[in-house]
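To start, the structure under review is shown below, and the notes come after it.
Keep in mind the model is a prediction, meaning the values are calculated, not measured.
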Protein chains: 2
Amino acid sequence: MSGGSTPIRLLLADDQALVRGALAALLSLEEDLTVVAEVGRGDEVVPEARRSAPDVALLDVEMPGLDGIAATSALRVALPTCRVLVVTTFGRPGYLRRAMEAGASGFVVKDTPARQLADAVRRVHAGLRVVDPTLAAETLATGASPLTERETEVLRTARGGGTVADLARALHLSEGTVRNHLSAAIGKTGARNRADAIRVAERNGWLLGE
Amino acid sequence: MSGGSTPIRLLLADDQALVRGALAALLSLEEDLTVVAEVGRGDEVVPEARRSAPDVALLDVEMPGLDGIAATSALRVALPTCRVLVVTTFGRPGYLRRAMEAGASGFVVKDTPARQLADAVRRVHAGLRVVDPTLAAETLATGASPLTERETEVLRTARGGGTVADLARALHLSEGTVRNHLSAAIGKTGARNRADAIRVAERNGWLLGE
DNA sequence: TCCCGGCCGTGACATTTGTCAGGGGCCGGA
DNA sequence: TCCGGCCCCTGACAAATGTCACGGCCGGGA
C-alpha cells in the first residue's frame, strides 16, 4: 500500500499533551505515515489543517474550545479532501452517531490495541469506513436521543448542579417549566433521579454541544 | 546518565490499550529505556512486576480491578526496589497526596509535554522525586479530605444514584443516619446538594478506594 | 478519671423535587 | 383545515431531601 512514495500526512488533536505526543511517536514508527501537525484544542484544528494540509486528521472528542464532533464538521467544510478519524476515550453510542453524521470516516475507541491504529488510518485514507463493531451494534440498539431540544438543554445545565430556581434563572424559564422538562427527561431516560437522568444521558452521548 | 550499559526497565499500566501502546512507543525511542511489561488492570501490576522485575513502574490512577494508588501500595510491598511514577488524566489534589502517601516517587499529569516523560522516568529511577509544581501548590491549598470515613463511604455509595432508602439498605444503616452523614458531607464540602457534594469530593480526589 | 469526637440512631421539620392535570401559542404535515 | 408535537406556563400534590436537636455507644487523649 505504501509504495515508498509520499507518506500519509497526519494531524493529531488531543488535549492531553502526553497522549498526543505518544500517539505521534506510535504512528511515526510506520514508514508510510508522517505526523505533520499537533494541536491541543478543537478550535485550532481548522487553522492548523489549513497550514499543514494533512490527508487524515485524528480528532479526540473531549477537547477544550470545540469538541471533536464540531471540529469534524468544520474540517469537512474547510478541507473536504481531508478524512477524519475520531479517536475517543468513551465508547458512547451517541458519539459514534454524531461523529458519522458530522462527516467522520472512522471512529476508534482508546481501548483498541495500538497496532490497529495505523491500519485504521490507512483504511480511512483509502476511502473506507472504520467503525468499532461492538460500538456500532450498541449504537443501533440505543438509538438516537429521545430527548427534545429543551430537555437536553435543561439537563445540560442541570449537570453543573444547583436547584430548580438556579436553572430557571439561567435559562430564563419558569420553575414549573424546568421541573416539567426535567420530569420528562427522567421519564424518557428511564431514570429515577435528576442525577440519574444526567448520568444516563451523558453515558449515551446525548449531552454534547457545549 | 545512560552509559550505554543496562537500560532502565519499565512496566506500563493503563487501561486504555491505545494510550498504553503509544506510551510504549514514545518511551522506546529513548535508548536508555526499555519497556518490559504492559498491563491493563491494576490487579495485574504486582504479578507482572514479579515476572519482569522492572526498575520503574508507570501507573495510571483510573484502572479496573485496582486503582493506581492501591496498586502503588501493593507494588511497594512486593518489590521495594521498584520505583513508582503515577501518571494520571486528572490533576486532582487528593490523588497526588494519596499517591505520595502510598509510596510513589513521582506524579505526572497527562497534560505535561511528552518530552518530559522520559526525564521524569530517569529522575525517578535515580531516586529523585518528580511532582507537578502547579498541582503540588493546589494540594497544599486544598488540604486533606475533611470527610470522616463513614461520610466518604456514604458519598461513594451515593455516587451510583439511588434514594436514601437504597443507600441505607446497601450500607446496613438507618435512613436517618444516612441523611445525617450526607448532610455533614454537604456542609463540609460547601455544596448545596448531594450531587454537588459528590462532584466536589470527586474533583478533589476524596472518593478513592473502590 | 473525664471529656471529646466519631459513629449510630430517633423524631420532627422546612425545603426541594418529581408528578400530574390542566391551559395556551406555535409550526408543519396530513 | 385540523391534528399532533413541542414549547411555555400555572397550580397542586406526594415523595424525597436536607437540617436540626436530641440521646447513646465507644475509644483515645488530657
Please report the distance, rounded to the nearest Å, between NE2 in H181(A) and C1' in dC7(D). 6 Å
E153(A) has an atom CD; how far is it from atom P of dC6(D), in whole Å? 16 Å
For S183(A), report the nucleic acid contact type (base, sugar-phosphate, nothing); a contact means any heavy atom under 4.0 Å. base
Closest to the R179(A) side chain: dG9(C), dA12(D), dC8(D)? dA12(D)
Over all atoms of both residues, closest heavy-atom pair of L75(A) and C82(A): CD2-SG, 4.1 Å
Describe the nucleic acid contact of T163(B) in one word from base, sugar-phosphate, nothing, applying a heavy-atom distance below 4.0 Å. sugar-phosphate
base_contact_polar (dC20(C) base, N180(A) side chain, donor-acceptor, <3.5 Å): yes
Write down the distance between CZ (R192(B)) and C1' (dA14(C)), rounded to a whole number of angstrom. 17 Å
Rounded distance (Å) that lies between atom C1' of dT19(D) and atom NZ of K188(B): 16 Å
Determine the sole option in R123(A), R115(A), R122(A) for which the side chain to side chain donor-acceptor pair (under 3.5 Å) test with D119(A) is passed. R122(A)
As a test of reading the structure: which of dG18(D), dC9(D), dG18(C) is closest to the side chain of R194(B), going by heavy atoms? dG18(D)
To the nearest Å, how far apart are I186(A) CD1 and dA15(D) C1'? 13 Å
Measure from NZ or CZ of R98(B) to the centre of the six-membered ring of Y95(B) and say whether it is under 6.0 Å with the direction within 45° of the ring axis. no
Could you tell me the separation between the CD atom of E175(B) and the P atom of dC13(C), rounded to a whole number of Å? 18 Å
Return the CD to CG distance between Q116(A) and L18(B), rounded to the nearest 0.5 Å. 9.5 Å
Between P on dG5(C) and CG on L147(B), what's the gap in Å once rounded to a whole number? 18 Å
Please give, in whole Å, the distance from dG5(D) C1' to R150(A) CZ? 15 Å
Taking dT17(D), dC9(D), dT17(C) as options, the one with an atom nearest any side-chain atom of L173(A) is dC9(D)
Regarding dG18(D), can its base be found pairing with the side chain of N193(B) as donor and acceptor, where the two atoms are less than 3.5 Å apart? no
May I ask you to verify if any side-chain N or O of T177(B) is less than 4.0 angstrom from the OP1 or OP2 atom of dG9(C)? yes
Partner set under salt bridge (Lys or Arg N to Asp or Glu O under 4.0 Å) for R199(A), not counting sequence neighbours: D196(A)
